[in-house]
Amino acid sequence: MPSQKIETGHQDVVHDVVMDYYGKRLATASSDTTIKVIGVTNSGSQHLATLSGHQGPVWQVAWAHPKFGSVLASCSYDGKVIIWKEGNQNEWTQSHVFSEHKSSVNSISWAPHELGLSLACGSSDGNISVFTARVDGSWETTRIDQAHPVGVTSVSWAPAAAPGALVGSGLLEPVQKLVSGGCDNTVKVWKLYNGSWKMDCFPALHKHTDWVRDVAWAPNLGLPKSTIASASQDGTVIIWTVAKEGDQWEGKVLKDFKTPVWRVSWSLTGNILAVADGNNSVTLWKEAVDGEWQQVTTVEP
């Protein structure tokens with residue numbers, strides 16, 4: 001697909017842009033309090049819908065897996081998380097509003113679809129909430145209270161298949177793990193044990209010297225290790241790896257970008273990392289055979 005410029009129609013800063021599963025639609029989140037859904041083809045783009053319901057800047061949007069239908073989640077400075085459903089084409093309604101958090105909800109992440117329709121949310125109130133849809137249409141809530149007491153900036157789910165597990169073998173229970181980043185400069189891993197979340201890394205992963213802005217758990221596709229990328233206000237991206245359950249996580253600096261790093265995002269196969277930094281640059285990185293990370297390309301604006 002050739003690169004193309006897309007006019008979002010937002011009246012203020014765009015904070016997040018997410019493509020749906022099929023690469024046919026974008027959802028965008030903005031300080032103008034709305035979410036826009038935009039259809040994208042090789043020949044151009046068209047505005048499909050504007051979703052209004054938040055009372056503050058919308059920080060992130062996330063598409064659920066299509067097996068659950070056409071579903072979007074959004075989180076905002078207003079403390080709310082909204083689940084949107086598309087009924088007729090391009091007609092979206094609020095199917096659920098969560099108001100559990102007392103301050104800005106900064107990050108949302110849908111669980112791997114194998115775990116059901118489940119959304120993790122991180123808030124400035126220090127808490128992480130996980131909302132899981134039940135068969136009857138209601139939602140069950142589990143919480144990680146004071147995950148990062150000074151504020152949670154980011155959450156990301158682990159792949160459902162444990163490292164080294166053959167994908168589709170079906171013999172292993174799916175893993176329920178999360179990673180979070182916070183204003184305490186740390187990255188923390190959490191695991192669901194018997195219905196309650198417990199920290200799964202001791203101590204917290206601490207190599208950053210300023211706020212962690214984003215965390216992203218890499219898809220593993222049966223690879224023998226788990227990998228997490230974290231991006232920080234301190235200008236660095238760190239790649240955290242662990243070989244097997246119970247081992248210590250090792251952290252390695254990918255690069256010091258000398259400017260705050262806002263977002264990190266993995267390719268679907270988990271072998272390429274995109275990094276968005278404060279100089280308005282997006283760079284792509286890949287791990288070489290010797291384990292060193294190399295820049296493969298810069299995404300031209």
Side-chain angles (χ1 to χ4, degrees), residues 15-19 59-60 62 106-112 120 122 128 147-148 152-161 163 175 177-191 200-201 204-243 247-279 281-288 290-299:
H15 297 288
D16 198 20
V17 181
V18 188
M19 198 159 247
W59 301 130
Q60 281 189 8
N106 302 318
S107 179
I108 47 176
S109 174
W110 287 109
I128 294 170
H148 298 266
V152 183
T153 56
S154 48
V155 286
S156 175
W157 286 85
V175 181
K177 282 191 185 182
L178 281 172
V179 60
S180 61
C183 305
D184 56 5
N185 311 348
T186 71
V187 171
K188 294 181 180 179
V189 177
W190 309 90
K191 187 174 181 181
D200 197 50
C201 60
L205 309 184
H206 200 307
K207 268 186 189 278
H208 288 297
T209 57
D210 206 336
W211 287 20
V212 177
R213 285 290 181 184
D214 199 20
V215 287
W217 202 310
N220 67 23
L221 297 182
L223 292 174
K225 63 181 179 181
S226 292
T227 305
I228 291 167
S230 60
S232 169
Q233 189 74 24
D234 67 13
T236 64
V237 169
I238 293 177
I239 306 291
W240 305 90
T241 51
V242 68
D247 281 5
Q248 291 280 349
W249 287 83
E250 303 278 324
K252 186 168 168 180
V253 176
L254 173 88
K255 183 184 167 176
D256 183 352
F257 289 81
K258 312 282 192 218
T259 180
V261 187
W262 300 112
R263 296 297 288 274
V264 277
S265 175
W266 293 98
S267 63
L268 289 176
T269 47
N271 64 339
I272 292 179
L273 180 71
V275 177
D277 68 41
N279 288 332
S281 303
V282 176
T283 48
L284 302 182
W285 299 78
K286 195 169 186 174
E287 190 177 8
D290 60 2
E292 291 301 312
W293 286 81
Q294 294 171 342
Q295 185 175 330
V296 241
T297 183
T298 300
V299 180

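Gly251 and Lys207 make their closest contact through O-CE, 3.0 Å (heavy atoms, listed as atom of the first residue, atom of the second, distance). Scanning both residues, Gly182 and Thr153, for their nearest heavy atoms gives N-OG1, 3.7 Å. Residue Ile108 comes nearest to Gln60 through the heavy atom pair N-OE1, 3.1 Å, listed as atom of the first residue, atom of the second, then distance. Residues Asp210 and Asp234 come closest through the heavy atom pair CB-N, 3.7 Å. Of all non-hydrogen atoms in Asn279 and Thr259, the two that sit nearest each other are ND2-CG2, 3.5 Å. In terms of heavy-atom proximity, Val215 sits nearest to Ser156 at O-CB, 3.5 Å.
Here the CD1-NZ distance, from Ile272 to Lys286, works out to 5.0 Å after rounding to the nearest 0.5 Å. Remark: Leu205 CG to Glu250 CD distance equals 10.5 Å, nearest 0.5 Å. The NZ atom of Lys188 sits 13.5 Å away from atom CG of Leu178, with the distance rounded to the nearest 0.5 Å.
Without hydrogens or angle criteria, Asp214 side chain to Ala231 main chain gives no donor-acceptor distance under 3.5 Å. With hydrogens and angles ignored, the 3.5 Å screen pairs a side-chain donor or acceptor of Ser232 with a backbone N or O of Trp211. Between the Asn220 side chain and the Ala161 main chain, a donor and an acceptor come within less than 3.5 Å of each other. Looking only at distances, no side-chain donor or acceptor of Ser109 sits under 3.5 Å from a matching main-chain atom of Ala120. Using a distance-only test at 3.5 Å, with no hydrogens or angles considered, no donor-acceptor pair links the side chain of Ser265 to the main chain of Ala274. Within the 3.5 Å criterion, the main-chain N or O of Ala216 finds a donor-acceptor partner in the side chain of Trp266. At distances below 3.5 Å, at least one donor-acceptor pair connects side-chain atoms of Ser107 with backbone N or O atoms of Val155.
Checked against His208 for a side-chain hydrogen bond (donor to acceptor under 3.5 Å, both in side chains), the options Thr186, Asp184, Thr236, Asn185 give a single hit: Thr236.
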(message) Under the criterion side chain to side chain contact (heavy atoms under 4.5 Å, CB included), I'd like the reasoning laid out for Asn106 against Val152: C-alpha separation, chi angles, the key distance, then a yes or no.
(response) CA-CA 7 Å; Asn106 302 318; Val152 183; 5.6 Å; no

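Between Trp217 and Trp249, the ring centre distance stays below 6.0 Å.
Applying the salt bridge (Lys or Arg N to Asp or Glu O under 4.0 Å) criterion to Lys252, with sequence neighbours excluded, gives Glu292. Among residues two or more places apart in sequence or in another chain, the salt bridge (Lys or Arg N to Asp or Glu O under 4.0 Å) test is passed with Lys177 by Asp200, Glu245.
Contact annotation: the side chain of Val237 approaches that of Leu273 to within less than 4.5 Å [non-hydrogen atoms, C-beta and beyond]. Within the 4.5 Å cutoff, side-chain heavy atoms of Thr283 are placed close to those of Phe257. At a threshold of 4.5 Å between non-hydrogen side-chain atoms, the residues Val264 and Leu254 do not count as touching. Inter-residue side-chain proximity for Thr227 and Ile239 is flagged as met; some heavy-atom pair is nearer than 4.5 Å. A 4.5 Å side-chain heavy-atom check between Val189 and Ile228 finds at least one atom pair inside the cut-off.
By the 6.0 Å contact criterion, NZ on Lys191 is enclosed, its count of non-hydrogen atoms from other residues, nucleotides or ligands being greater than 12. Annotation: Trp190, atom CH2; neighbour count of heavy atoms from other residues, nucleotides and ligands within 6.0 Å is above 12.
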